[in-house]
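Notes follow once the structure below has been shown.
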Amino acid sequence: MANNIEETVSHTRPEDENLGIGANLAYGLQHVLTMYGGIVAVPLILGQAAGLGSSDVGLLITASLFAGGLATILQTIGLPFFGSRLPLVQGVSFSGVATMIAISGSGGIESVLGAVMAASLIGLLITPVFSRITRFFPPLVTGIVITTIGLTLMPVAARWAMGGNSATPDFGSQANIQLAAATLVIVLLLSKLGSASISRLSILIALIIGTVIAYFAGMTDFSKVAEGPLFSLPTVFHFGYPTFEIAAVVSMFIVIMVTLVETSADILAVGEIIETKVDSRRLGDGLRADMLSSLIAPVFGSFTQSAFAQNVGLVAVTGVKSRYVVATGGMFLVTLGLLPVMGRIVAAVPSAVLGGAGIVLFGTVAASGIRTLSKVDYNNNMNLVIVATSIGFGMIPIASPGFYEHFPAWVATIFHSGISSAALMAISLNLLFNHLSAGNSDQQSVFVAGMERTLRYQDIARLHDGDHFLNGKLYDAKGIEVPVIASEAH
């Protein structure tokens, strides 16, 4: 009897459903393929900027895969006080790339690793503050953030569709875009099939078919898969012991603050998408997992860890809510970190193929945010203005990436991300207009008045009992049409 009760309780949350080994492997691999390009981009960019050789850059990549896998498992399976136990894929955060490049230029890669460790420790200590802000994340705020996540990621899909690397001669070629379009069509056709299993795996199947098409078209190369070792353990402090410089730590702490905001938004967003409760305790556990992972990652040669927004989109588009699926994806990442040959296979998937799938994935995130915003009450308040201003503010760094280049570095660090920009603006405006009553006027704002539908009292007074509209015409109680004139005769 106790076992039955325990089993019933364990299945009350959608994320606790275990789909079985086969489904976990298939859907988990789909998550890895979706975020693989993003997780290797940071170590690739940073390694090249720091002047590391190709072998060391490769070690940075495998270390990031390994650390991302461990972080994902911690976030999904969890330990006491660590892990939101939600379907969130963790990986190297892109928000700190510019800061880490600047640090590496003056103190080397050791200074970067030290700054990440120190700033993450501080972030771990302040997570109780962030875990108590859930009441300031109503559907108004989460809807804005989810929508902005999707819109922010669309340029990524476009770059992937064009070939991924702007330095290559075929970037933006018709062949790349046609390959992306073919992958997109395959996703849509598979989604239309009556089979739920095939529909849920449409992204993975489309990636495989798109890669096969690319292979026969000569647009991908598997010849380098056999090059290099098959198995390799991550080396502890391969790049030397971390060094700690105050300026570098302060700079990275700003990045950590941004990461905490973005991770809070992602945790609340995925909770909204899978329709499960996320309270302050759960949010705090997720943030602590984020910071602990970021603290440990430099030991293996990796950097700050955060939730991947594109995988939030995958959860939305597939409807697969199980955290065990994502945990299996984490195991794949750990395996890729130990088996460089597997990483080389996944790396052979052309960026254009990822771009075709990304259009659906990232668009679905935006659509999920719009659906959340549809639940918001816009009557006699400033909520529409909050939505407009926050999304517009979040789009600034997307529409004009150099918008903040003449501002202090800390401003650029905070606002270069459209997600963090929109989240901070939405939180601030929600506090200003919906939580702080001091200074609010009892008169309607021109924005509110302009969006509300109003009728004059004299118009209503002229209606009789039983009057009704049908197909755009006014009839009385007996069904006789009542003439409607455009304006009163004078």
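We're numbering straight along the sequence, starting at 1. Any value given below was found using the heavy atoms of this structure, including those in side chains, with hydrogens, waters and symmetry copies removed.
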Legend entry - Verdict with supporting geometry, Tyr324 and Thr76, side chain to side chain contact (heavy atoms under 4.5 Å, CB included): CA-CA 7 Å; Tyr324 299 107; Thr76 53; over 6 Å; no
Inset, instruction - Indicate, with yes or no, if the rings of Phe415 and Phe393 have centres closer together than 6.0 Å. - result: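 Yes, they do, as the ring centres are separated by less than 6.0 Å.
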Heavy atoms from other residues, nucleotides or ligands near [atom1] of [X] exceed 12 (cutoff 6.0 Å):
| X | atom1 | value |
| --- | --- | --- |
| Tyr241 | OH | no |
| Met395 | CE | yes |
| Phe237 | CZ | yes |
| Tyr215 | OH | no |

Any side-chain heavy-atom pair from [X] and [Y] closer than 4.5 angstrom?
| X | Y | result |
| --- | --- | --- |
| Phe82 | Leu74 | yes |
| Ile144 | Asn430 | no |
| Leu333 | Thr72 | yes |
| Val278 | Leu86 | yes |
| Ser421 | Ile396 | no |
| Pro87 | Val325 | no |
| Ile126 | Leu260 | yes |
| Val141 | Leu268 | no |

Calculate, to the nearest 0.5 Å, the distance between atoms [atom1] and [atom2] belonging to [X] and [Y] respectively.
| X | Y | atom1 | atom2 | answer |
| --- | --- | --- | --- | --- |
| Phe303 | Ile109 | CZ | CD1 | 4.0 Å |
| Thr34 | Ile39 | OG1 | CD1 | 12.5 Å |
| Ile273 | Leu314 | CD1 | CG | 10.5 Å |

Can you give me the closest heavy-atom contact between [X] and [Y], atom names plus distance?
| X | Y | value |
| --- | --- | --- |
| Thr183 | Ala357 | CG2-N, 4.0 Å |
| Ser111 | Ile103 | OG-CG2, 3.4 Å |
| Val315 | Val320 | CG1-O, 3.7 Å |
| Ser104 | Leu46 | OG-CD1, 4.2 Å |
| Thr304 | Ser120 | CG2-OG, 4.4 Å |
| Leu113 | Pro242 | C-CB, 4.0 Å |

Legend entry - Sole candidate of Leu429, Ile427, Thr147 that passes side chain to side chain contact (heavy atoms under 4.5 Å, CB included) when paired with Ser390: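 Running side chain to side chain contact (heavy atoms under 4.5 Å, CB included) over Leu429, Ile427, Thr147 with Ser390 returns exactly one hit, Leu429.
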Can any side-chain N or O of [X] pair as donor or acceptor with the backbone N or O of [Y] at less than 3.5 Å?
| X | Y | result |
| --- | --- | --- |
| Gln75 | Ser84 | yes |
| Arg282 | Arg85 | yes |
| Ser294 | Gln305 | yes |
| Asn176 | Ala352 | no |
| Thr127 | Leu124 | yes |

Legend entry - SB check Arg288 Asp285 (cutoff 4.0 Å):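 Between Asp285 and Arg288 there is a salt bridge, with a charged N closer than 4.0 Å to a carboxylate O.
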